[in-house]
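To start, the structure under review is shown below, and the notes come after it.
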Amino acid sequence: MAIPNRDLNAPPVPALLLTSSTSLLCASSFDEKDWLKMTQELVAKEKLDAKDMSWAAYRASQGSLTSYEPAIITLLPMFVENAHSLAMIAHSMRVIKAAVQHVNPEQTPVIALDQPLFALAKQIQWAIPEFSEQNIVVMLGGLQIEIASFKMLGKWVAGSGWSDVMCNAGVATQGIADSFLTASHVTRTRRAHQVTAASLHILMNTAYEAYKVNQQGEEQGSLLSLEHWKEAMKKKSPNFLYWDFVLKLELICLRLVRSFREANFPLYINALQELIPWMFAMDHPNYARWLSVHYRDMRVLSQTQPDVFKHFNDGSFVVHKTIRAFFSIALDHAHEQINVIIKGEGGAVGLTENPAALRRWMVAGPELARMVQEFEETSSQTEEHSHHEQKSAVQLTFFKDVVNTVSYFEQLGNPFQDEGDSLMAVHTKDIIDDAVLHTIQNAREIGEKQFQLIVKERFVYRTKPVTEPLKKNNLPTFNNPCKKMISKDKARVQVLKEDCSLFSRLYIASQTRDGNLEEFFEYEDQPWPPSLSELGQLRGG
């Protein structure tokens with residue numbers, strides 16, 4: 001199977017649906033200020049009360065048991081062929097459509113895919129009428145979006161000393177703390193950013209209280225409010241600006257997760273709208289492009305699929321596995337959990353060389369997993385309604401991690417109390433290049449402009465195909481500061497000139513005083529040993 005034209009245009013949509021901002025009822029209730037204020041109060045008491053302090057436990061305590069019936073989750077027989085092909089994706093869409101029509105003829109199929117497969121599915125939808133957006137709803141997997149958002153955030157904090165703070169505060173070992181930067185384990189990464197968000201909020205308020213103490217005795221009316229003080233400090237202190245952005249990015253990621261847990265579709269659209277510009281700014285081109293396509297699909301769903309849009313607004317865009325509060329998960333997250341059940345007891349190990357046995361396992365495996373899951377649910381004595389984080393041991397660990405993180409930040413120097421004009425890594429106090437500061441000041445604006453441009457050029461006016469490559473920004477960051485690359489020939493000439501200059505100075509000095517060459521060459525005269533490295537790069541052998 002082949003797409004007739006590789007450079008595909010998305011179907012036309014009303015401009016107003018994509019250019020207008022998403023409105024939220026009681027928008028202030030989604031900024032996490034209530035949770036952050038509660039964590040600050042608990043830490044100030046220096047003793048954990050009988051309260052739910054961690055983010056998920058607190059949100060579960062504020063919500064109520066879901067009114068949704070627990071979903072029935074199972075898998076269709078699996079395919080042997082590689083999924084990453086147009087033919088297999090088209091075949092899968094036909095099979096899913098037939099299965100949905102058999103179970104519920106009136107229902108529109110909804111399919112969740114990871115980013116590479118989502119890209120193939122959208123190209124199929126735009127090229128083949130059988131799979132058009134009026135017949136099938138294709139979604140980008142929520143779990144994959146969450147992982148990509150934490151990877152983007154990891155790229156932002158890499159090199160700033162954040163992972164070292166997590167290690168030295170006892171939140172994780174050094175290896176696990178470094179893995180947070182790539183979101184290798186999404187649950188651990190999510191928790192680490194929850195601890196960091198609570199700690200940064202406490203540090204910011206500590207800095208504001210210190211400012212108010214210093215302002216005592218000044219003229220009445222000169223004391224700034226918290227918001228005005230924050231704006232003034234962001235203009236004055238690069239470190240304040242950077243860590244304020246870290247806090248904002250963490251809250252955006254938590255907003256995305258919250259939209260899944262609470263089955264809040266408008267909040268999900270709002271989180272995508274806040275997240276996509278950062279995907280552009282931090283050079284995640286695949287997610288920047290296809291997350292924009294997914295955002296377009298969700299915004300125009302009210303016109304392309306009104307019935308699906310109604311059910312999504314009612315909370316059916318996620319999976320409700322239980323009636324617990326704050327416990328819904330994205331569609332692909334439910335798929336992954338079923339995959340773990342199937343593959344947990346050996347999976348297809350030892351069957352790959354026997355086609356008949358592998359085929360029997362592919363057909364029977366999902367059904368056996370469903371039967372085992374149903375038996376475990378019916379055999380349990382009591383049904384647990386509380387969130388799994390609503391336990392005293394979990395809350396005590398979270399409390400200690402926040403306290404230790406705040407304490408270690410204060411040992412290094414509260415970044416929100418820094419009034420210097422230089423950007424520094426929090427753990428080494430190395431001064432960072434001004435190009436990185438320019439990135440921090442302009443990254444959000446750069447990403448927003450690119451996002452609006454792709455919406456206008458590829459969705460509204462359709463002057464460019466969606467698949468046209470995106471240009472990377474290559475913005476300097478803590479981990480990758482801007483460095484001017486020179487060729488090896490020029491570098492060798494520069495080294496030779498430095499050697500000539502050194503021996504010229506040595507010769508001139510020897511004219512006026514005795515020079516001991518043996519003593520002179522006891523010391524290093526180059527920044528790196530020539531026998532082990534070439535122009536600063538370790539020789540490969």
Side-chain angles (χ1 to χ4, degrees), residues 148-184 188-204 206-207 230 233-234 236-254 278-279 281-284 401-402 404-444 446-447 473-483:
S149 66
F150 283 129
K151 286 183 178 180
M152 176 274 298
L153 181 51
K155 189 174 181 179
W156 181 262
V157 299
S160 67
W162 175 72
S163 60
D164 292 80
V165 171
M166 291 291 99
C167 175
N168 291 305
V171 177
T173 61
Q174 187 63 61
I176 293 177
D178 290 337
S179 73
F180 294 157
L181 301 175
T182 56
S184 300
R188 290 175 179 172
T189 305
R190 187 191 309 127
R191 184 184 181 278
H193 286 297
Q194 292 170 18
V195 171
T196 305
S199 303
L200 291 178
H201 176 77
I202 293 170
L203 290 167
M204 183 182 292
T206 300
K230 286 168 62 176
M233 286 297 295
K234 283 190 284 188
K236 182 179 182 180
S237 172
N239 292 300
F240 189 105
L241 178 64
Y242 173 75
W243 289 102
D244 181 66
F245 268 124
V246 172
L247 176 58
K248 287 180 179 178
L249 282 172
E250 288 174 331
L251 295 182
I252 291 174
C253 294
L254 293 182
W278 289 100
M279 292 295 183
M282 300 308 293
D283 287 338
H284 289 263
D401 285 345
V402 172
N404 292 339
T405 302
V406 171
S407 176
Y408 191 71
F409 262 116
E410 289 177 337
Q411 289 180 27
L412 297 173
N414 188 340
F416 296 109
Q417 288 182 293
D418 180 82
E419 297 186 359
D421 57 359
S422 297
L423 181 65
M424 295 185 295
V426 70
H427 59 319
T428 61
K429 301 303 178 184
D430 291 341
I431 296 178
I432 307 302
D433 193 90
D434 288 341
V436 180
L437 175 58
H438 185 269
T439 295
I440 296 169
Q441 293 171 335
N442 300 285
R444 176 65 172 79
I446 292 171
N473 297 308
N474 293 320
L475 297 177
T477 60
F478 273 88
N479 217 29
N480 294 297
C482 184
K483 292 183 179 180

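Computation of the quantities below employed the complete heavy-atom set of this structure, encompassing side-chain atoms and omitting hydrogens, waters and symmetry-equivalent molecules.
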Inset, instruction - Look at atom NZ of K151 and say whether more than 12 heavy atoms of other residues, nucleotides or ligands are closer to it than 6.0 Å. - result: no
From [X] atom [atom1] to [Y] atom [atom2], the distance as rounded to the nearest 0.5 Å:
X: L251; Y: L247; atom1: CG; atom2: CG; answer: 4.5 Å
X: L241; Y: K236; atom1: CG; atom2: NZ; answer: 14.5 Å
X: S179; Y: M166; atom1: OG; atom2: CE; answer: 12.5 Å
X: Q411; Y: N168; atom1: CD; atom2: CG; answer: 9.0 Å
X: L200; Y: T405; atom1: CG; atom2: OG1; answer: 9.0 Å
X: L423; Y: I431; atom1: CG; atom2: CD1; answer: 9.5 Å

Inset, instruction - From the options D418, V426, I440, select the one residue that forms a side chain to side chain contact (heavy atoms under 4.5 Å, CB included) with W243. - result: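 Only one of D418, V426, I440 forms a side chain to side chain contact (heavy atoms under 4.5 Å, CB included) with W243, namely V426.
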Legend entry - Listed once per pair and sorted, the ring-ring contact (aromatic ring centres under 6.0 Å, His included) pairs that draw on residues 415-440, sequence neighbours left out: F240-F416
Results of ring-ring contact (aromatic ring centres under 6.0 Å, His included) for [X] - residues two or more places apart only:
X: W278; result: W156, F245
X: F150; result: H193
X: H201; result: none

Minimum heavy-atom separation for [X] and [Y], please, with both atom names.
X: V402; Y: S199; answer: O-OG, 3.6 Å
X: P238; Y: G420; answer: CD-O, 3.2 Å
X: A425; Y: G159; answer: CB-O, 4.0 Å
X: K429; Y: L412; answer: NZ-O, 2.7 Å

Legend entry - Those residues that, when tested against D244, pass salt bridge (charged side-chain N to carboxylate O under 4.0 Å, His left out) (two or more places apart):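 Salt bridge (charged side-chain N to carboxylate O under 4.0 Å, His left out) list for D244, sorted by chain: K234, K248.
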Inset, instruction - Please list, chain by chain and in numerical order, all residues satisfying salt bridge (charged side-chain N to carboxylate O under 4.0 Å, His left out) with R188, sequence neighbours excluded. - result: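 By the salt bridge (charged side-chain N to carboxylate O under 4.0 Å, His left out) rule, R188 matches no residue at all.
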Mind checking what makes side-chain hydrogen bond (donor to acceptor under 3.5 Å, both in side chains) contact with [X], not counting sequence neighbours?
X: D434; answer: none
X: S184; answer: T182
X: N473; answer: Q450
X: W162; answer: T196

Legend entry - 4.5 Å side-chain heavy-atom contact, C253 and L153: yes
Inset, instruction - Side-chain contact test, heavy atoms from C-beta onward, threshold under 4.5 Å: evaluate it for E419 versus M233 and give yes or no. - result: yes
Legend entry - Residues that N474 engages under side-chain contact (heavy atoms from CB on, under 4.5 Å), provided they are two or more places apart: D283, K472
Acceptor/donor pairs from residues 169-178 side chains to any protein atom, 3.5 angstrom cut, sequence neighbours excluded:
| residue | atom | partner | partner atom | Å |
| --- | --- | --- | --- | --- |
| Q174 | NE2 | D178 | OD1 | 3.1 |
| D178 | OD1 | S163 | OG | 3.4 |

Legend entry - F409 backbone acceptor or donor facing N414 side chain under 3.5 Å: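 Between the backbone of F409 and the side chain of N414 there is no qualifying donor-acceptor contact (under 3.5 Å).
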